[in-house]
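As a basis for the values below, the full set of heavy atoms in this structure was taken, side chains included, without hydrogen atoms, waters or symmetry mates.
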Amino acid sequence: MATRLSDEALAEVWKDFKENLQDQNLRNILIERYLPLVKYNAERVWQKLPDGVDLNDLISAGVFGLMDAIEAFDMERGVKFETYCVPRIRGAMLDELRTMDWVPRLVRSKASKHEQARKRVEARVGRPPTDDEMANELSVSIEDYTKLKAESSAVNLVSLNKKWYETDSYKDVREVDVIEDERGEDPTNGIQKRDIMRLVTRGLNRNERLIIILYYYEELTMKEIGQTLGLSESRVSQMHSSIVGRLKDQLNRRRPEFA
């Protein structure tokens, strides 16, 4: 088990490493210190994936993301490393998933079986079959059929790096270039959100401002925010309640400005 570094010792390791980026011992100390972040985020991503994806593959990819984050981290910007590195860790994991054929053959076989049964039932009843009808056709319980249907849906996922068509230029058009981003945000809404964020966080100290941003904009949980700020989950919850109460009072006082 790694020895827990004090904040002062950790800051000294960071300082020494940034002065000598080739020091592998210092790099390893930092990797070991933040490895739990990799494992935590790997488990969160893995839980949302179908059976067949190896958790260790995600952890390995996340370690490379962590190493890149350690290399590029700028200590002068005043941002906690935990806040900075998590998007890079998760991004490395998602990149790894895009390069993997992570739908196993068994899942493809189940999907084929499911589709054949659906066609048989639909031809017989003249309409899309219900889940109960499909379960009866496959001679499985409704619970097992629900699981089978969820696993079969994995075959419809495609790699975002898949080539869509070739062009005369040096760059081919890929799936990611043509797929519609349904979550894309109107630029005007983005500007309005930033204006609102500056308004509501005015007058808050650093930790209070981060709690608001991480909870409402980054959608982190109270526990994750506590880990980022070095506070307990209950303390973060107390601070959040206090901040929200103060913000409500401020908005009520300034309500005439928005009329």
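- In the hydrophobic clustering of ILVMFWY residues, with side-chain heavy atoms under 4.5 Å counting as a link, Tyr40 and Phe81 come out apart.
- A pairwise comparison of heavy atoms in Tyr84 and Ala72 identifies OH-CB, 3.5 Å as the closest pair.
- We find that Glu208 and Arg246 are joined by a salt bridge, their nearest charged nitrogen and carboxylate oxygen being less than 4.0 Å apart.
- Here the side chains of Leu30 and Tyr34 are in contact, with some heavy-atom distance below 4.5 Å.
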Inset, instruction - Verify side chain to side chain contact (heavy atoms under 4.5 Å, CB included) between Leu58 and Glu43, making sure each step is shown before the conclusion. - result: CA-CA 8 Å; Leu58 293 181; Glu43 289 172 353; over 6 Å; no
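- Remark: Gln227 CD to Thr221 OG1 distance equals 7.5 Å, nearest 0.5 Å.
- Proximity of a side-chain donor or acceptor of Lys18 to a complementary backbone N or O of Phe73 within less than 3.5 Å is detected.
- Atoms CD1 and NZ, from Ile243 and Lys248 in turn, are 13.0 Å apart once rounded to the nearest 0.5 Å.
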Legend entry - side chain to side chain contact (heavy atoms under 4.5 Å, CB included) evaluation trace for Val86 with Asn41: CA-CA 8 Å; Val86 167; Asn41 282 277; 3.7 Å; yes
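- Between the side chain of Asn136 and the backbone N or O of Asp132, at least one donor-acceptor pair lies under 3.5 Å.
- Taking all atoms of both residues into account, the shortest heavy-atom contact from Ala92 to Ala61 is CB-O, 3.3 Å.
- Considering all non-hydrogen atoms of both residues, Gly78 and Arg206 come closest at O-NH2, 3.6 Å.
- Residues Ile29 and Leu10 form no side-chain contact, since every pair of their non-hydrogen atoms from C-beta on lies 4.5 Å or further apart.
- Note on Leu55: it clusters hydrophobically with Leu37, by side-chain heavy-atom contacts below 4.5 Å among ILVMFWY residues.
- The two atoms that bring Ile31 and Met67 nearest to each other are CD1-CG, 3.6 Å, heavy atoms only.
- In the displayed structure, Glu219 atom CD is contacted under 6.0 Å by at most 12 heavy atoms of other residues, nucleotides or ligands.
- Going from atom CE of Met222 over to atom CD of Glu233 covers 8.5 Å, rounded to the nearest 0.5 Å.
- The shortest distance between side-chain heavy atoms of Leu229 and Ile225 falls below 4.5 Å.
- With Glu137 as the fixed residue, the side chain to side chain contact (heavy atoms under 4.5 Å, CB included) test singles out one of His114, Arg124, Arg118: Arg124.
- The main-chain N or O of Leu21 is found under 3.5 Å from a side-chain atom of Arg27 such that the two form a donor-acceptor pair.
- Within 6.0 Å of CZ in Arg127 there are more than 12 heavy atoms belonging to other residues, nucleotides or ligands.
- In this structure, Glu19 pairs ionically with Lys15, as a charged nitrogen and a carboxylate oxygen lie closer than 4.0 Å.
- For the residue pair Pro129 and Val121, the shortest heavy atom distance occurs at CB-CG1, 3.3 Å.
- In this structure the side chain of Met93 never reaches within 4.5 angstrom of the side chain of Phe64, judged on heavy atoms.
- Annotation for Leu138 and Ala117: closest pair CD2-CB, 3.6 Å, computed over non-hydrogen atoms.
- For the atom pair CZ of Arg88 and CD1 of Ile70, the computed distance is 11.0 Å after rounding to the nearest 0.5 Å.
- The side-chain heavy atoms of Leu26 and Trp14, taken from C-beta on, include no pair separated by under 4.5 Å.
- Without hydrogens or angle criteria, Glu133 side chain to Thr130 main chain gives a donor-acceptor distance under 3.5 Å.
- The distance from atom CZ of Arg90 to atom SG of Cys85, rounded to the nearest 0.5 Å, is 11.5 Å.
- Using modelled atom types, no side-chain atom of Lys39 and backbone atom of Ile59 make a donor-acceptor pair closer than 3.5 Å.
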Legend entry - Worked verdict on Met75 versus Phe17 for side chain to side chain contact (heavy atoms under 4.5 Å, CB included): CA-CA 11 Å; Met75 299 174 60; Phe17 175 71; over 6 Å; no
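- Of the possible donor and acceptor atoms, none in the side chain of Ser242 sits under 3.5 Å from a partner among the backbone N and O of Gln238.
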Inset, instruction - Determine, stepwise, if the pair Lys149 / Asp131 fulfils side chain to side chain contact (heavy atoms under 4.5 Å, CB included). - result: CA-CA 9 Å; Lys149 185 169 69 171; Asp131 286 356; 3.1 Å; yes
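- No more than 12 heavy atoms of other residues, nucleotides or ligands sit less than 6.0 Å from atom NZ of Lys119.
- To the nearest 0.5 Å, the span separating CG on Leu66 from CG on Leu35 amounts to 7.5 Å.
- For the pair Ser241 (side chain) and Ser237 (backbone), a donor-acceptor distance under 3.5 Å is present.
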